[in-house]
Amino acid sequence: MLLEARGLVKHFGAMTATSSVSLAVKSGEVHAVIGPNGAGKTTLLAQLSGELTPDEGAVFFEGRAITSLSVPRRAALGIGRVYQLTSIFPDYTVIENMLLAHYSTSGHSFRFLRGFGADAGARTHSLEVLDQVGLVERASVAARALSHGEQRQLELAMMLALRPKLLLLDEPTAGMGIEETERVVGLLSRLKGEVAMLLVEHDMDAVFELADRVTVLVYGRVIAEGGVDAIRRDPDVRRAYLGDEESGE
Amino acid sequence: MKRPLPILLFGLLLLVPLCGEVFYTRLFSRIMIHAIFAISLDLMLGYGGMVSFGHAAFFGAGAYTVGILSLHGVSSALIVWPAAVGVAALLALPIGALSLRTSGAYFIMITLAFAQIVYYFAFGLESCGGSDGMRLATRNTVGGWAGLAGHTVYYHVVWGCLLAVFLGCRRLVGSRFGFVIGGIRQNEARMGSLGYAPFGYKLTCFVIAASIAGLAGALIANEALYVSPSFLHWTQSGHVLVMVILGGMGTLLGPILGAMALLLTEEVLSSFTEHWMIVLGPSLIVVVLYARRGLISLLPGRREARADAS
């Protein structure tokens, strides 16, 4: 197992946001977490990335307990995090954003004299990754000037520059138009197999296109877990979640 | 070079002593010293996003190092000035390590609190004259040479220090470290998820800024030939904060312009009326309202090239 969570519990005051949740992600697998609003998906993701510490339970990465490790430490082990709200460096250009990601994997940054963009190898690698996500032409544009979809692409590119083993994706297509959604889903499906993903997503078409396995979360509790087809047929899931979608159409 | 503004500014500053009036030479020495102080604050404020209201602590620590060493007969600038930088850095290490555990308004308050502690410490320092401060007999010497006593010579030394600080900081903010600091300012959570541990970088930035403020303190003590607790007072921290915001945060030229504008305006206004603050306050508000990015945004060729690149 690449990532394994066992019996995670998280309370916020009287509310239980996560109620003994266990899940496992294999290497190269895409595992989706779905559930209605307020099901505790983002809270769960935050416990896996290290932003929140669970009250009970443990998280393992490649067999090693990481429950008490900080976000930077987990990132260094190979866990990349893509936030629900776009999280980039707006004042920097696209290539500068990429270089910051790139340098985080190559030693410390207490380097005070040499110019930031002077490393040709880092530049080349960054441009390659930008090419992969289709942003290479925008390399010298300030990140704040990108469209919302492009900013999400940049964020993904930054995560890929880290060469992570696992990507934690919190609604990567949130707030995107149809065309942008297709581009991001296409990009993620090309990455499938290279990097494992834990995907929190509202767009059911995207989930069923990308995921190998699905965990369904309702009120912080796992109500179903299994392959895509099994989840699609599961009567509890249909009632709790998918049914709403269909009747709402 | 594609940057004519710094060259023009430093060139013009070289002309000041040629007017032959000691008053102006000394005034502009003070302005340049405050410019060094303001640049050091801007490293934290504009580049690192750390709003410190206690930067005077390090300025004063530099000045008091000059005073205390002179009591012990140490007068060589080659020893005293590095010592002032070192004392400021050593003081900044624990203050920064504790303050940086907080952020936002708490950071402002805790840096202010630490600066007040240092202020009252100096206040009670009887060997340095307590609340009155102390006079210095002479300026520091260089290898036995007392030439710094001449105001024109001293002016050029200060000019050289400002140039060195300006070029050094330009190098620093363009380095990998500089970009990491800027990244932390813009999005600390993202830096964490990239694998950077922000604390060490912020603390290093804090200590570098404090060291440069310590140099400015050593220079002001030599300029004024006295040290007093007023160098450490919280109004001093506010004063330099105004210089940075007035001139333009997140630039290196901005703090120089801010120091120049504020000190010159104070000088001119106070020659007309003793109630000069009544005029200065509203005019600062006008500048902040109409030039949000500071005076530097009013200069030609400085239109946010980056944001408009698309």
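Sequence lines set the chain letters: A, B, ... in the order given, protein chains first and strands last, and positions in each chain run from 1.
Of all residues in residues 184-191 of chain B, those placing a non-hydrogen atom less than 4.5 angstrom from a non-hydrogen atom of chain A are B/Arg185, B/Gln186, B/Asn187, B/Ala189, B/Arg190, B/Met191.
Heavy-atom neighbours of B/Met109 CE from other residues, nucleotides or ligands within 6.0 Å: at or below the threshold of 12. Heavy-atom contacts from other residues, nucleotides or ligands closer than 6.0 Å to CZ of A/Arg123 number 12 or fewer. At most 12 non-hydrogen atoms from other residues, nucleotides or ligands lie less than 6.0 angstrom from CD1 of A/Ile178.
Chain A forms more heavy-atom pairs under 4.5 Å with one residue of B/Leu172, B/Val173, B/Leu194 than with any other, namely B/Leu194. Contact tally against chain B (heavy-atom pairs below 4.5 Å) for A/Ala143, A/Gly117, A/Ser104, A/Ser109: the top residue is A/Ser109.
In this structure, NZ on A/Lys10 lies 6.0 Å from OG1 on A/Thr53, to the nearest 0.5 angstrom. Remark: B/Phe37 CZ to B/Asp42 CG distance equals 12.5 Å, nearest 0.5 Å.
Using a 4.5 Å cut-off between heavy atoms, B/Ser193 contacts chain A through both its backbone and its side chain. With a 4.5 angstrom heavy-atom cutoff, A/Ser49 does not touch chain B via any of its atoms. Only the backbone of A/Ile88 comes within less than 4.5 Å of a heavy atom in chain B; its side chain stays farther off. For A/Arg111, the parts sitting under 4.5 Å from any heavy atom of chain B are the backbone and the side chain alike. Contacts between A/Leu100 and chain B at a heavy-atom distance below 4.5 Å involve backbone atoms as well as side-chain atoms.
For the pair A/Arg74 and A/Phe61, the cation-pi criterion (under 6.0 Å, within 45° of the ring axis) is not fulfilled. Geometrically, B/Arg101 does not engage B/Tyr106 in a cation-pi contact, judged by NZ or CZ lying under 6.0 Å from the ring centre and within 45° of the ring axis.
Across all non-hydrogen atoms, the minimal contact from A/Ala161 to A/Thr105 is O-CG2, 4.5 Å. B/Ala84 and B/Gly62 make their closest contact through CB-O, 3.7 Å (heavy atoms, listed as atom of the first residue, atom of the second, distance).
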